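Worth knowing before you read on, the calculation uses all heavy atoms, side chains too, and leaves out hydrogens, waters and symmetry mates. Not measured: the values here are computed from a predicted model.
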Amino acid sequence: MDKLVDKFGRVHDYLRISVTDRCNLRCVYCMPAEGMEFEPSEKILRYEEIAEVVSAVAKIGVRKLRLTGGEPLVRKEVEKLIAMLSTIPGIEDIALTTNAIFLAQKAEALKEAGVTRVNISLDSLKPERFAYITRGGSLKRVLDGLEAAVRAGFHPVKLNVVLMQGQNDDEIEDFIRMSLEKPLQIRFIEYMPIGHNDEGWRAKYISLDTVFERVKQMGYTYEPAGDIYGNGPADNYRIPGAAGTFGLIHPVSDHFCDNCNRLRLTADGNIKPCLYWDDEWNVRPLIGDEHAIQRLFLRAIDAKPENHEMARALANEAQSHTPTVRRMSQIGG
C-alpha cells in the first residue's frame with residue numbers, strides 16, 4: 001500500500017481528529033451565540049471506530065495525532081480513547097487541543113493515558129474580556145488547567161492566541177511577558193475567514209507583524225527559536241534569557257501550505273485534506289475494511305490542493321473555489 005504522499009510531494013504523517021463537534025464555550029470567532037445545531041450522537045464516530053481508522057492509516061505513514069473538537073474534554077471519558085490510540089503500532093505522539101476549562105481535573109489522567117503535548121486556547125488574560133470572547137468562560141479555570149498541565153509534565157505546553165483587531169491586540173505585551181517568565185510557547189494566530197458568511201472578519205484581522213513591533217517597544221530583541229517540534233505552522237522566536245518562546249502562525253497572509261503534513265478527520269467521519277476547502281470523503285461506511293479505509297485516505301490526499309486561498313479573501317479578490325461553510329468547531333481546526 002502506498003504512503004500518504006500527495007501530488008506535490010508532501011508527506012502526510014499527522015492526523016487531526018475531531019472527537020466531538022460540541023463545546024462548552026461559544027467563542028465569538030468559532031460559534032454563534034445561539035442556534036448552533038450539533039450532530040446527533042449516532043452520527044459521531046465511536047471510540048472503536050476512531051481507533052480502527054487510526055490503526056489503518058498508521059500502516060501507511062501516520063505517526064502523530066492531535067485530538068480536537070469542538071472541545072475534546074466534553075466527550076465522556078476521552079482518556080479511554082487516548083489509551084486505545086496510544087497502543088496502536090506506529091503512533092509516536094498524541095497531542096490535545098483544549099480550552100482547558102476541564103483540564104485541571106483531567107490532566108493527570110490524560111498524561112497517564114498517553115497524551116504528550118497540550119495546546120490551550122487562551123485569547124485574553126483579562127477575566128471580563130475572556131468571558132466576553134468565550135461568551136461565559138472562566139479565566140480562572142483555564143489558568144488552573146494551565147498550571148495542572150505544567151505539573152503533569154506535558155511538554156511542550158502551548159498557548160494559542162487568536163489576535164483580533166480592537167478586541168485583544170492590546171494584550172500582546174502581557175502574553176509576551178508570560179513567555180519571559182514561564183516555559184510556555186505563546187503562539188499568536190491570524191484571525192481566519194472560516195465559518196463566516198459575511199465580511200465582518202476582515203475588520204478584526206490584524207497583521208502579526210504587530211507582535212514584532214510590540215516586542216521592540218518593550219525594549220527587547222528576539223531571535224529565531226527554530227522548529228521546536230516537527231514541522232508545525234509557527235515561526236518561533238525567543239527573547240534572549242526568556243523561559244519560553246513566542247510564535248507566529250500566518251494561515252492567511254503567509255500560508256504554510258508548502259510543508260503541510262496534516263489531514264483531518266471530522267467528528268462525523270469525514271476526511272478533510274485541507275482546512276479551508278470543502279472537499280470531504282466519508283470514511284464511516286468503510287469501517288471494517290482496512291484496505292478500503294487506506295484507499296479512501298489515498299484518494300483524499302490525491303485531491304488535496306497545492307494551497308488554500310485565504311490570502312485572496314484578505315485582499316478581497318475573487319476566489320476560484322468556494323471555501324467550506326462548516327464552522328471551526330465542526331472540523332477540528
Could you give me the CA-CA distance, side-chain angles and deciding distance for Thr116 and Asp93, then say whether side-chain hydrogen bond (donor to acceptor under 3.5 Å, both in side chains) is met?
-> CA-CA 7 Å; Thr116 55; Asp93 183 75; 2.6 Å; yes

For this output row, return yes or no: ring centroids of Tyr222 and Phe212 closer than 6.0 angstrom.
-> yes

Give the cluster check for Tyr14 versus Phe297: same hydrophobic cluster or not, with ILVMFWY residues linked at side-chain heavy-atom distances below 4.5 Å.
-> no

So, the side chain of Asn168 versus the backbone of Val162: is there a donor-acceptor pair under 3.5 Å, distance only?
-> yes

Atom NE2 in His12, atom CZ in Arg262: separation rounded to 0.5 Å?
-> 8.5 Å

For salt bridge (Lys or Arg N to Asp or Glu O under 4.0 Å), just list the numbers for Asp170 and Lys126, CA-CA rounded to whole Å, side-chain angles, deciding distance to a tenth of an Å, and then say yes or no.
-> CA-CA 11 Å; Asp170 61 340; Lys126 298 181 178 182; 3.7 Å; yes

Check whether the side chains of Glu171 and Ser124 place a donor and an acceptor atom closer than 3.5 Å, and report yes or no.
-> yes

Rounded to the nearest 0.5 Å, how far apart are OG of Ser86 and CG of Leu81?
-> 9.5 Å

Kindly work out whether a path of hydrophobic side-chain contacts (I/L/V/M/F/W/Y, heavy atoms less than 4.5 Å apart) joins Ile271 to Phe8.
-> no

For residues Tyr191 and Tyr205, establish whether the separation of their ring centroids is below 6.0 Å.
-> no

Rounded distance (nearest 0.5 Å) linking atom CG of Leu110 with atom CZ of Phe102 | 12.5 Å

With a 3.5 Å cut-off and no angle check, do the side chains of Glu71 and Thr20 form a donor-acceptor pair?
-> no

Presence of salt bridge, Lys272 and Glu280, under 4.0 angstrom | yes

